[in-house]
Amino acid sequence: MEIGAPRGTKDILPASSLHWQYVEAMVRAICRTYAYQEIRTPVFEHTELFQRGIGETTDIVSKEMYTFTDRGGRSVTLRPENTAAVVRAYLENKLYSAPQPTKLFYVGPMFRYDRPQAGRLRQFHQFGVEAIGAKGPGIDAEIILLAQQFFHRLGLKDLKLYINSVGCPKCRPVYRTRLQQALRDKLPELCDDCRSRFDRNPMRILDCKNEKCNELSQGVPEMTDCLCEECATHLTELKSLLTAAGAKYELNPRLVRGLDYYTKTAFEIQYPPLGAQSAVCGGGRYDGLIEEIGGDQTPGIGFAIGLERVLLALEKQGILADTKESIIVYIAVADKNCQPLAFNMLTKMRQAKIACDMDYLDRSLKAQFKQANRNMARFVAVIGEAEAAQNKVAVKDMQSGEQFLMTAEDFIEKILAEMEDDGLRWTQC
RNA sequence: GUGGCUGUGGUGAAGUGGUUAACACGACGGAUUGUGGCUCCGUUACUCGAGGGUUCGAUUCCCUCCAGUCACCCCA
């Protein structure tokens, strides 16, 4: 094998594409019940959009972007996440002139130049939701519930929902300073990472996995103690809404989001068995983002769910069955010169929307039966000289083993009748 | 980007410094004359991740690279 798939990318083969379809169907179903509509934005954008939207100092922008110069000399970037792009599309297409809020969802590939490991790929897929134009905590609760219900409907258990408030431009700087004051004299004892975080993003020190750092940060003021009145009320109301909806959550004052644009509500859903990459959903409010990208001050909130991680979780819980799409009929050719006749019948069946297949490798009749069996065909229709002479086919029911001689037309009719009974008929597209 | 572990056929895996690289599954073919799922038989690695050494000789020893994996970082 000379050329393999690029590092951190994966082919999704038929065995698992059915699982993907299952999850994607759930995405559409849940969004339908919560009244979110699909938006599809380009997979690449002007680099500047992400630099401004996500923040120059973030890891994503500073070291994880797939950026290149196109033939026209423009710097473009494969989207590392989709919120900035959705907001861009919202402004560019003037979606704000429609009744608000604008409730959108998306599913698609994202790209981050990271070192791959289980649950972390360079091309991965996210399902995300954005509600733009509502500032109250009600929409926050709706979005969190949507995410929770998504997992619930898929059948996932043992998920943990953490919520927090990361404040706003009024109270966060105050907290930041207080935090730095509290940690300043402990600085030499912190790990290397935390020392570099001290200036850039001191709140990150609070969820450092290093035990020493963890110990040192005990007793330090929490964000939730330093919120301004508006942010504090927002959080209180959100909590009571979640409780009213019967949602189980845990307040985690040390939950931080990695992207610059978050304000107020931040939340994360984890599936602990996934190990280091256990976050399956991350989201929060971004009241400053739209202005940053050039719109009027407009509130927004959203989340992103990593679909590869969802699939891993489903696998871990044994929810994904080994499935294969079956066919209704396999047409077997007993004499080579009957192939045109068989092919004609195959075509007619397909026009009648009956899932069927036949052999193109000139296999023996026995081998064709084996093939039919593997494809889980309900019936095998044998066409040979004997059948052709009578203008009929030999239809074998692969479950009962019974075999009948009938015309192709009668056979098609019989199947169509059964399909209606069994609900086997494929849905119309 | 940093560190640990790993890399044998389509898959799961044995194995050794020196003729023909176990075994299992799968795939393909066959078990008398046109019929599957069970059973039986046969076939299926002329680069043992790639490149370079050491050696009379390396799949087995060394180096580099690549890939996977786990952890860190970060995040979905």
Side-chain angles (χ1 to χ4, degrees), chain A residues 1-10 13 15 54 57-64 79-83 107-128 147 191-194 196-197 200-201 204 207-210 255-259 268-271 274-283 302-313 330-336 338 359 361-388 394-403:
Chain A
M1 189 60 197
E2 243 186 359
I3 300 175
R7 187 163 200 206
T9 66
K10 256 185 180 149
L13 301 173
I54 302 171
T57 61
T58 60
D59 281 48
I60 292 180
V61 172
S62 62
K63 53 187 201 202
E64 292 172 7
R79 59 183 184 191
E81 59 94 48
N82 210 24
T83 300
V107 200
M110 306 294 156
F111 307 84
R112 257 123 93 160
Y113 191 87
D114 230 351
R115 180 123 174 216
Q117 72 183 73
R120 193 170 76 184
L121 295 164
R122 289 185 175 179
Q123 178 177 169
F124 60 103
H125 297 77
Q126 285 188 334
F127 153 43
C191 72
D192 293 351
D193 287 325
C194 283
S196 75
R197 283 168 179 144
R200 257 197 350 178
N201 193 350
R204 278 239 160 277
D207 66 354
C208 181
K209 280 164 193 153
N210 185 310
L255 175 69
V256 192
R257 302 270 75 220
L259 288 61
E268 186 164 306
I269 297 176
Q270 290 194 11
Y271 182 66
L274 289 185
Q277 259 59 51
S278 64
V280 290
C281 171
F303 68 67
I305 287 174
L307 295 184
E308 277 81 1
R309 292 182 187 178
V310 170
L311 268 307
L312 285 175
Y330 192 91
I331 298 176
V333 183
D335 300 292
K336 179 108 205 270
C338 294
D359 171 62
L361 299 179
D362 294 331
R363 278 192 250 239
S364 68
L365 193 62
K366 182 208 239 344
Q368 292 181 64
F369 265 85
K370 280 190 180 173
Q371 227 10 69
N373 210 50
R374 260 188 297 249
N375 292 335
M376 298 182 294
R378 261 301 308 284
F379 303 100
V380 171
V382 183
I383 301 181
E385 312 240 271
E387 290 78 12
V395 174
K396 179 165 182 176
D397 184 321
M398 295 297 276
Q399 277 160 24
S400 66
E402 293 171 308
Q403 192 164 312

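With Q126(A) contributing its side chain and P109(A) its backbone, the two residues share no donor-acceptor pair below 3.5 Å. At least one donor-acceptor pair under 3.5 Å links the side chain of Y330(A) to the backbone N or O of D359(A). Panel note: side chain R112(A), backbone E64(A); no donor-acceptor pair is recorded below 3.5 Å. Remark: the backbone N or O of T58(A) is paired with a side-chain donor or acceptor of S62(A) at under 3.5 angstrom. In this structure, the side chain of D397(A) engages the main chain of S400(A) through a donor-acceptor pair within 3.5 Å.
Comparing the P positions of U54(B) and A71(B) gives a spacing of 40 Å, expressed to the nearest Å. C61(B) and U16(B) are spaced 13 Å apart, taking the C1' atom of each and rounding to whole Å. Here, U39(B) and G7(B) have their P atoms 33 Å apart, quoted to the whole Å. Straight-line distance between the C1' atoms of G4(B) and U43(B): roughly 42 Å, to the nearest whole Å. Only the C1' atoms considered, A21(B) is 11 Å distant from U60(B), to the nearest whole Å. G42(B) and A24(B): their P atoms are spaced 10 Å apart (whole Å). Taking the P atoms as reference points, U8(B) lies 11 Å from C48(B), given to the whole Å. Comparing the same atom, P, in G52(B) and in A58(B) gives a spacing of 12 Å after rounding to whole Å.
Distances shorter than 4.0 Å separate none of the side-chain N or O atoms of R122(A) from OP1 or OP2 on G68(B). Residue K366(A) places at least one side-chain N or O under 4.0 Å from the OP1 or OP2 atom of G36(B). Here S364(A) does not reach the OP1 or OP2 of G29(B): none of its side-chain N or O atoms lies under 4.0 Å away. Listed pair Q117(A) / G68(B) fails the phosphate criterion, with no side-chain N or O lying under 4.0 Å from OP1 or OP2.
Using the Watson-Crick or G-U wobble rule with both distances under 3.5 Å, A45(B) pairs with nothing in any strand shown. Base pairing analysis places A21(B) opposite nothing; no Watson-Crick or G-U wobble pair with both distances below 3.5 Å involves it. Under the Watson-Crick and G-U wobble criteria, each requiring two contacts below 3.5 Å, nucleotide G34(B) is left unpaired. When both pairing distances are held under 3.5 Å, A14(B) makes no Watson-Crick or G-U pair with any nucleotide shown. Base pairing of U69(B) is made with G4(B), judged by Watson-Crick or G-U wobble geometry with both donor-acceptor distances under 3.5 Å. In a base pair of the Watson-Crick type (N1 to N3 plus N6-O4 or O6-N4) or a G-U wobble (N1-O2 and O6-N3), with each distance short of 3.5 Å, U64(B) is matched with A50(B).
For the atom pair S364(A) OG and K370(A) NZ, the distance stands at 8.0 Å (nearest 0.5 Å).
Between D114(A) and R122(A), no side-chain nitrogen of the basic residue sits less than 4.0 Å from a carboxylate oxygen of the acidic one, so the salt-bridge criterion is not met.
If you check distances only, the side chain of Q277(A) does reach the base of C74(B) with a donor-acceptor pair under 3.5 Å. Taking 3.5 Å as the limit, the base of U35(B) and the side chain of Q368(A) contain no donor-acceptor pair of atoms between them. Interface remark: the K396(A) side chain does form a donor-acceptor pair with the G36(B) base, using a distance-only criterion of under 3.5 Å. Judged by distance alone with a 3.5 Å cut-off, a donor-acceptor contact links the side chain of R120(A) to the base of C74(B). The base of G3(B) sits with one of its N or O atoms less than 3.5 Å from a complementary donor or acceptor on the side chain of R115(A).
Which of G1(B), G34(B), G68(B) sits closest to the side chain of Y113(A) comes down to G1(B). Candidate nucleotides G34(B), A67(B), C70(B) were compared by shortest atom distance to the side chain of R7(A), and A67(B) ranks first. For M398(A), the listed nucleotide lying nearest its side chain is G36(B); candidates were U35(B), G36(B), G68(B). You'll find that the side chain of A279(A) is closest to A76(B), out of G68(B), U35(B), A76(B). Of the candidate nucleotides G34(B), G68(B), C74(B), G34(B) has the atom lying nearest to any side-chain atom of A386(A).
Across all strands shown, Q270(A) has no heavy atoms under 4.0 Å from either base or sugar-phosphate atoms. Across all strands shown, G401(A) has heavy atoms under 4.0 Å from base atoms, whether or not it also approaches the sugar-phosphate. Within the 4.0 angstrom heavy-atom criterion, base atoms lie near A276(A). Using a 4.0 Å heavy-atom cutoff across all strands shown, L121(A) reaches at least one base atom of the nucleic acid. At a threshold of 4.0 angstrom between heavy atoms, the contacts of R374(A) are confined to the sugar-phosphate backbone, with no base atom among them. Across all strands, G8(A) comes closer than 4.0 Å only to sugar-phosphate atoms, never to a base (heavy-atom distances). Among the heavy atoms of the strands, none lies under 4.0 Å from A394(A).
Between the CG atom of N373(A) and the P atom of G37(B) there is a distance of 7 Å, rounded to whole Å. At whole-Å resolution of the value, CG in N375(A) and C1' in G37(B) are 13 Å apart. Rounded to an integer number of Å, the gap from D59(A) CG to A76(B) C1' is 14 Å. Atom CD of Q403(A) and atom P of G37(B) are 15 Å apart (whole Å). Atom CG of D114(A) and atom P of C70(B) are 14 Å apart (whole Å). Atom CD in E64(A) sits roughly 11 Å away from atom C1' in A76(B) (whole-Å rounding). Rounded to whole angstrom, the span from the CZ atom of F369(A) across to the P atom of C38(B) amounts to 16 Å. What separates CD1 of I54(A) from C1' of C74(B) is a distance of 14 Å, to the nearest Å.
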Problem set entry | Pair Q117(A)-Q277(A), side chain to side chain donor-acceptor pair (under 3.5 Å): steps then yes or no | CA-CA 9 Å; Q117(A) 72 183 73; Q277(A) 259 59 51; 2.8 Å; yes
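Judged by closest nucleotide on RNA chain B, A334(A) is the one of E81(A) and A334(A) placed further toward the 5' end. If you find the closest nucleotide of RNA chain B to R363(A) and to G384(A), the one lying nearer the 5' end belongs to R363(A).
Just one residue in the list E308(A), M110(A), R7(A), R309(A) forms a side chain to side chain contact (heavy atoms under 4.5 Å, CB included) with L121(A), and that residue is E308(A).
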